[in-house]
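From a predicted model like this one, the values you see are computed outputs, not experimental measurements.
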Amino acid sequence: MPEGPAPVDWQGAPLDCVSCRFARLLDDRQCGLGWACVHDRYAKRIERFFVLNPDCADDCLRMPYFETRVNAARVASVFRLPPLLADEDASVRAMAILRLPPSHAERLMDDPDRRVRIAVAHRLPADAVLAMAGDTAGSVRAIVARRAAPGQLPMMIADPDPETRRSVARRIAPVRLDGFRADPDPLVRREAALRRPALFVADADLRVRHAVAETGDAAVIQPLLHDPEPIIRETAAARLAQIKETAHVDR
């Protein structure tokens, strides 16, 4: 069934199935106008063409429309993909990076497009991804924080992006979490508090102290029974009751 916009090629010209080099596929319903077509401008129809005909992908990696090259690269033989690392379109370069062996990723660490560098950060070996910790894009650094070895993360404690620092706080060695006590973002401090509650029992932010009340041991949460915020007092009391009940059951 036809769907989406009118079927035209990437430059807006009408499509001609008769002159198409893949016309042989029509009889087997492997393609069709307004449904699955390698020449269509509509990306979903291009994608469907390659889902049905992955064996055609290798012959479409140099077609002029970037959407065609991206979708062809998704299923083409990896041996045909290295030239796409120099493709003029960032989406094509990123797809090539995601499919090629990780050894190719280092070549595009300094690519001018953020989408390509994101792909690179996903593909670099974990012991090499820290080289991108200084990337200008926070989305790239956030991937680094999720993939680098925990022992490499202290250098990212002061990253300018709060989401990146949250990722660091989730994975860094517990002994390093005191480096987040003065973090300007309470949600970053909350992540650290979930792992070392004792460091944040006197935090100024309600959300951070609530994390302490939820996870701290009996000695840590004792001061929170007198917290000025009712929800903190209630959470601390519930946590203390849970600790006592668990201790009683374990006897």
Side-chain angles (χ1 to χ4, degrees), residues 94 97-98 102 105-106 109-111 114-243 246:
I97 284 293
L98 290 173
E106 291 187 13
M109 285 176 56
D110 297 319
D111 192 277
R114 176 179 58 89
R115 292 168 295 176
V116 178
R117 300 198 307 278
I118 286 175
V120 171
H122 278 298
R123 293 296 287 156
L124 282 175
D127 60 355
V129 73
L130 195 68
M132 302 190 77
D135 194 276
T136 56
S139 53
V140 174
R141 301 195 306 275
I143 296 169
V144 175
R146 293 195 297 268
R147 296 196 61 237
Q152 297 177 320
L153 293 177
M155 67 175 293
M156 300 189 75
I157 287 178
D159 189 276
D161 178 54
E163 183 56 41
T164 298
R165 298 199 306 277
R166 288 178 67 184
S167 294
V168 174
R170 294 185 193 109
R171 301 185 59 240
I172 201 168
V175 69
R176 296 282 191 171
L177 288 169
D178 57 351
F180 291 100
R181 295 178 72 175
D183 194 282
D185 192 302
L187 295 181
V188 176
R189 301 198 304 276
R190 186 179 189 281
E191 290 291 344
L194 289 170
R195 299 184 63 207
R196 285 192 67 187
L199 295 176
F200 299 89
V201 68
D203 194 275
D205 193 275
L206 165 69
R207 292 164 291 184
V208 180
R209 298 199 309 282
H210 191 264
V212 175
E214 286 183 311
T215 58
D217 60 26
V220 168
I221 64 175
Q222 196 68 36
L224 298 181
L225 296 172
H226 308 288
D227 195 273
E229 295 288 347
I231 190 172
I232 300 297
R233 298 196 300 271
E234 293 167 8
T235 303
R239 169 69 174 164
L240 187 59
Q242 179 188 44
I243 292 172
T246 302

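Here the CZ-CG distance, from Arg189 to Leu199, works out to 12.5 Å after rounding to the nearest 0.5 Å. Atom NE2 of residue His122 and atom CZ of residue Arg147 lie 8.0 Å apart, to the nearest 0.5 angstrom. Of the inter-residue distances, the one linking Asp227 atom CG with Leu206 atom CG reads 7.5 Å to the nearest 0.5 angstrom. With rounding to the nearest 0.5 Å, the separation of CE in Met132 from CG in Leu124 is 6.5 Å. Between the CZ atom in Arg195 and the OG1 atom in Thr215 there is a gap of 11.5 Å [rounded to 0.5 Å]. Note that the NE2 atom of His210 and the CG atom of Leu194 stand 10.5 Å from one another [nearest 0.5 Å].
Heavy-atom minimum distance, Leu98 versus Arg123: O-NE, 3.5 Å. Taking both residues in full, the closest heavy atoms of Ala213 and Ile232 are given as CB-O, 4.1 Å, listed atom of the first, atom of the second, then distance. Across every non-hydrogen atom of Ala121 and Val129, the tightest pair is O-CG2, 3.6 Å. Contact detail for Gly138 and Asp161: the closest heavy-atom pair is O-OD2, 4.1 Å. Closest of all the heavy-atom pairs between Ala133 and Met155 is CB-CE, 4.3 Å. Considering all non-hydrogen atoms of both residues, Ile118 and Ser139 come closest at CD1-OG, 3.6 Å.
Looking only at side-chain heavy atoms (C-beta outward), Val188 and Arg166 come within less than 4.5 Å of each other. Under the 4.5 Å side-chain criterion, counting only non-hydrogen atoms from C-beta, Leu187 is not in contact with Pro162. Looking at Leu224 and Glu229, their side chains never come closer than 4.5 Å, going by heavy atoms from C-beta outward. Between Pro160 and Arg141 there is a side-chain heavy-atom pair separated by less than 4.5 Å. Ile157 has its side chain within reach of Ile172: a pair of non-hydrogen atoms, C-beta onward, lies under 4.5 Å apart. The shortest side-chain heavy-atom distance between Thr164 and Val144 does not fall under the 4.5 Å cut-off. In this structure the side chain of Val212 never reaches within 4.5 angstrom of the side chain of Asp203, judged on heavy atoms.
Using a 4.0 Å cut-off between charged nitrogen and carboxylate oxygen, Asp135 and Arg117 count as a salt-bridge pair.
Glu214 pairs in a salt bridge (Lys or Arg N to Asp or Glu O under 4.0 Å) with only one of the listed residues (Arg209, Arg239, Arg190), which is Arg190.
Atom CG of Asp110 sits in a sparse spot, with 12 or fewer heavy atoms from other residues, nucleotides or ligands closer than 6.0 Å. Taking a 6.0 Å sphere around CG of Leu225, one finds it holds more than 12 heavy atoms contributed by other residues, nucleotides or ligands. Counting heavy-atom neighbours within 6.0 Å of Arg114 CZ, excluding the residue itself, gives a total of 12 or less.
In terms of modelled atom types and a separation under 3.5 Å, the side chain of Arg171 and the main chain of Ala145 share a donor-acceptor contact.
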